[in-house]
Amino acid sequence: MSIHATPEHLEATWKAAPMLRVEGLCKSYSTPQGAIPVLRGVGFTLAAGASLALTGESGSGKSTLLHLVGALDDADAGEIFLDDARLTLLSEHARAAVRREKIGVVFQQFNLIPSLTVTENLGFQARLAGRYDSAWQDELTHRLGLTELSGRYPEELSGGQQQRVAIGRALAVRPKLLLADEPTGNLDEASGDKVMTLALDLVAATGCGFLMATHSERLAARLQRRVRLESGLLAPQ
Amino acid sequence: MKQTLWTLAALLSHWRRRPGNLATLVAGLAVATALWSGVQALNAQARMSYDAATAAISGGGARTLVAARGGLFDQDLFVKLRRAGVDVSPVLEGAARIGDKTIRIIGVEPVSLPRASPIAHKRKRADVLEDFFSGEGRGFAAPQTMRRLGLAEGAQPQTERGRRLPPLAALAEAPPGAIVVDIGVAQRLLDRPGALSRLVIADDAAPDDERVKRVAGEALRLVAADDESELARLTDSFHLNLTAFGFLAFLVGLFIVHAAYGLAFEQRLPTLRTLRALGVAPPNLVVAMACEVAVLTLVAGGAGVIGGYAIAQALLPDVAKSLESLYGAQISESLSLDLRWFLSGLVMAGAGAVLAAASGFAKALRLPPLSVARPIAWRAEHHRYLRRQAALAFLALVAAACAYGSGEGLASGFAMIGCSLLAAALFLPVALAGALALGERLARRPLARWFFADGRQEISGLSLALMALLIALAANIGVGGMVEGFRQTFTRWLDARLAAEIYFEAATPADARDIEAWMRMQKDISAILPVWRAKTRIGEGPVEIVGMTPHETYAAHFPLLEAAPDVWTALHAEDAVLVSEQLARRRGVGLGAVIGIPTSTQVWRARIVGIFPDYGNPKGQLRIDHERLKRYFDDASGVHYGLRIASDATARVIDNMQRRFDGKIARIIDQSELKGLSTDVFERTFAVTTALSTLTLVVSGVALFASLLTLSDMRQARIAPVWALGATRRKLAGLELMRVMAFAAVAAICATPLGLFMTWCLVAIVNVAAFGWRLPFHVFPSQWLVVFLIALCAAFLAALVPVARLARAAPTDLLKVFSNER
Ligand SMILES: Nc1ncnc2c1ncn2[C@@H]1O[C@H](COP(=O)(O)OP(=O)(O)OP(=O)(O)O)[C@@H](O)[C@H]1O
Ligand SMILES: [Mg+2]
C-alpha cells in the first residue's frame, strides 16, 4: 500500500482484503478420559459479501469452529482476525462488544428469548448494540413475512417462523459476519429451503460475510464456496 | 417388579449427577422434621415430667381426694376415713427453697402407699423401710435433682425456713425436682403441722362417693385418675404455643422439600419421557417414584429426628427454666424419649415428602410418552399458574375468615394466622408477576426489558422458596412485634406493680409478728404492707387470693385496667374484690358483677370493683381487703410483706433486718432485684419463640439458596442466548443477583403488613385465649427495617454461589445450551 494511494484505492484494498481471516486454529476439549482434539490447525479466509459452507461428518467440529469464530469460545492456539480485530487478544468485555456489533448468529435451536415477543426479539441485539434502526427493522419484518406475527411469543410460532425471526434478529444489527449452525436442521425440506432463500437474499442486501455449518450437500451447494472439515483440518472441495 | 427396579435405577441416577440438589432435598426434609420433632420432644418431655410427678406417688392409675376449694385440709379427715374403712394414703406437698433453688417437698406414708407406686416398690427393701422410720428418717431424690442442688448422698441441706432435711439418698424413681420424705417430716419442713394436700386411694379399693361424703362432708373432692394433672392443664397453652411454632417451622421446611422435589421433577422430565417411550407404564413410574420418596423419608426423616433431639436438648434448659418460673413445674433436664416419638417424627417426614411429591406423581400419571415437539407453552402455562395461585389464595383467605368467625379459641386463632399466611404466600407470585409486568412497561433499555420479561419466567421456579421467605419474614415481624410490645407493656406494668421498695417473707407467722413489731419503730420504714396469701378454687381453676391494706401506695401505683370510681374505698369498706384480667375473662365477668368465692367456711359473695392486669401468672388472682382475708381464710400465709422505705435507705434496712432476724426471714429482696428476676422469667419464656422464628428464617434462607442452586442449570438456557448476542457474563450475573434481591425485597414488603396482622392476631386472639390477657397493640417500624435488610442479606447470600458460578461459567457450558443434546 503506497502513501500516494488515493482514497478510492484504499477503499478498493479494504474491500479486497478478507473480512475474516482464520489461521492455525486449534481446539481440544478436556474430558475426564483425556483431551479430545477437535480442530488441529484450521485456516481460511472470507471476504465481505462472500458465503462459505462448512460441511463434515457429525462430530467433526463444525459447531466448535463456528463458536470460535463467533467469539463465543476460546481457542487453544491460532488466530482469528475479524474486520481488523484480533479476537484472540480481546478481553471478555471487548469480545462481548464484537458479538453485539459485528456478528449475527443463528443456531439450530434455542435461538429466541422466550419471554420477549417477535418484534422485541427482532430488535433485541440491535438495541443492545445501540444501533437500532426502525426502518431497517420494518424492512426485515416485511421481507421475512413476520408482519402478522409481530406480537406473538416464540412458543406460539412454528419452527420455520422461529428461524426467520432468528435470521432477522441476526441481521438487524447489520453485522459484518453472519454465522449459522444447521439453521434448517429442525425444519422440513420445503420450509428449510424457504428460510435459506430469505437468508441468502438478505445477506446479499447487507453485504456481510456468511459462514454456515450444515450436513446437507444440497444447502451447501447454494453458497459460493464450500469446505469440508475432516480429522480437525479443512479440506477444500 | 423388574421394570420398577430399572425405572427406580434410572430415576436415582439423576442424583448421582446432581449431588448438590439431593443434599438440598435431604437437608430440607431433615430440617423440617428436626424443628417439628424437636418441639414435640420438648412437649413430650414436659408432659412426662408432669405425669411422673403424680405417678411416683400414686402409680399413675390411682384416684385421689383433694380439698374441695384447693389448698390443704386437716389430717383428721384422713383418720376418719381410715376408721370408716376407706383405704387411703396421705400426701403433703409444698415448695421449699434450698439455696437459690426451689424444690418440691413430698411427704408420704410408705406403709399405706398404693402398690403400683414406684416408691412403694422400694418398701419391700427392708433398709428403705427402716430408713423412713429410724430416727429423723431419710429423704429421697432423683439423682438428677441431687445434682441440680449440688448435694451428695447423705447431705442434710437446710431450707429457707431454717429447717434441716433428713439425710438424702438417691432414688431413680423419685419425681424430678422433688424430695420425698416421711409425711411427719414434711409437715415439719413445710411448717404445716397436721395438714395434708391429698389422699391417694389404694389400687383396687374404689370408695363410692357416698361413703366419702358421709365421712368428709363437702370438704373433699374426688379427682379421677385420667384427669390430667393440674400442671398439665395450666401449662397447656404454653405447649400449644410451642406446637404452633414447631408446625410453622415444619411448614416452611416443607416449602423447601416441595421446591427441591418439584425442580428435580422438571429436570428429570426428559428421562421420564424416555422411560415412558421405552414402555414403562405410568403406574410403574409412580411406584418407582414412591419408592424413591420412601428412601428419602427414611434417610432425611431419620436424620431429622436425630436433629430434633439435638434441638430439644439445646432448648430444654430455657424451656425448663421458664416452665419452672412460670408454673413451678419441674422438668427433668435429660431427654428421655420413646420409640413412639421417633416414629411420629418419621411419619411427619413421610407425610411431608408425599405432600411435596404429590403433584409430581399426578403429572407422571398423565405424562405422554412423546415429547411435545414445540417448547412447552410457557406463557399459557404461566397464566394458568397465576390464576390457580390467585384462586387458592382466595380460598385460603376464605378459610381464614371462617376461622375468625368460628370463635375466639386458641385453635381458631392459630388457624386464622395459618390460613392468612398461606393466602399471602400463595398470592405472592401474582404480586411479583404484576410488579414485573409494570417494570417491563416502564423499562426502556433492551437489557432492562429483558430483565423484567425474563424475571416472570423465574417466578414459578422460585415461588416456593419466596413463599417460604415471606412466611418466615412475616412470622419474624409478627412474633417480634408481639414480644417487643409485651416487653414494653410488661416493664411498665412491673414498675407500677412493684411499688414497694422491699419484699420479704418471714419463716413463720409468729416470726412475722416479731418482725412487724420491730418494723413499726423504724423511721426509715414509712409503710408496712402485708400481702398475705390464701388459695381457693373458682370453677375449674386454682385461684390465689392476696390481701391489701388501705394505703395510698396502691391508689397511686397499682395498675388497673378497669375500675369503679370509688374502687379503693369500696375495696376496704364493702364486700368487694379486684379480679385479675385472666380470671375475669375465664369466668366471663366484668366490673360490677358479683362473684362467689369459696372461703374456709362458706362461699363469700363479693362485688367486682376493679380488674387488674396480671401478666405472666397462669393462676387467677383476687385482691381483697387484708382484714377480710384474715377473717375468711384461716390458712392465710401470714408471712408475706412489702415495705415502703424512705429514699436510699433500702440497703440499710435490708442489712439491719438480716442481722437482726437472720433465721426468721425466709427471703428478702429489694425491688430492683425482683424486677430483674421477673424480667428474666419473661425473657426465658420468649427465648424459645424467638429461637424458633429465627430458625424458621434460616430455613427459608436455605430454601432460597437451594432453589437458586437447582435453578441455575435451567437459568443458563435462558441466559446463554443473551450472552451469545453480546452481553457479558459479569453483567448478566449482576442482573441475576439484582433480580433475586428485588424478589426478596417484594417478599419483605408484602411481609410487613402480614406481620402486623399476625401481631394483631397474636395479641388480640391467641394471647387472650392462651394466657387470658390482652396487650396493647404496638408498632415497631425499626423492626421492619431490620427484617427488610435481613431479607436482602438472605437473598444476597443465597444468590451469591449460583451467581458467582454463572459469572465464571466457562463458555463451553453456556454453548452446550445450543448443542443438539439439549
Ligand atoms: N463441551 C464438550 N466437551 C467435550 N467434548 C465436546 C464438547 N463439545 C463438543 N465436544 C466434542 O467435540 C467434537 C466436535 O463437536 P461439534 O459439536 O463441534 O461437532 P459438529 O461437527 O458440530 O457435529 P454435528 O454435526 O453433530 O453438530 C465432538 O466429538 C464432540 O463430542
Ligand atoms: Mg454441530
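Letters A, B, ... mirror the listed sequences (proteins, then strands); counts begin at 1.
Annotation: side chain to side chain contact (heavy atoms under 4.5 Å, CB included) contacts of Ser30(A) (sequence neighbours excluded): none. Listed by chain and number, the residues in a side chain to side chain contact (heavy atoms under 4.5 Å, CB included) with Ile749(B) are Phe788(B) (sequence neighbours excluded).
Counting heavy-atom pairs closer than 4.5 Å to chain A, the top-ranked of the candidates Thr728(B), Leu725(B), Val722(B) is Leu725(B). Heavy-atom pairs under 4.5 Å with chain A were tallied for Arg730(B), Arg449(B), Glu440(B), Arg729(B); the largest tally goes to Arg729(B). Per-residue heavy-atom pair counts under 4.5 Å with chain B were compared for Thr64(A), Asp74(A), Leu72(A), and the maximum is reached by Leu72(A).
Panel note: side chain Glu79(A), backbone Gly24(A); no donor-acceptor pair is recorded below 3.5 Å. A donor-acceptor pair under 3.5 Å is absent between the side-chain atoms of Lys62(A) and the main chain of Thr55(A), judged by distance alone.
Residue Tyr153(A) touches chain B through its side chain alone, counting heavy-atom pairs closer than 4.5 Å. Using a 4.5 Å cut-off between heavy atoms, Glu120(A) touches chain B through its side chain atoms alone. For a residue to count as touching a neighbouring chain, one of its non-hydrogen atoms must lie under 4.5 Å from one of that chain's; by this rule Arg445(B) does not touch chain A. In this structure, chain B has a heavy atom under 4.5 Å from the side chain of Tyr29(A), while its backbone stays farther away.
Contact record, Gly360(B) with Phe265(B): O-CE1, 3.4 Å, taken as the closest heavy-atom pair.
In the model, Glu182(A) has a side-chain atom that pairs as donor or acceptor with a side-chain atom of His215(A) under 3.5 Å.
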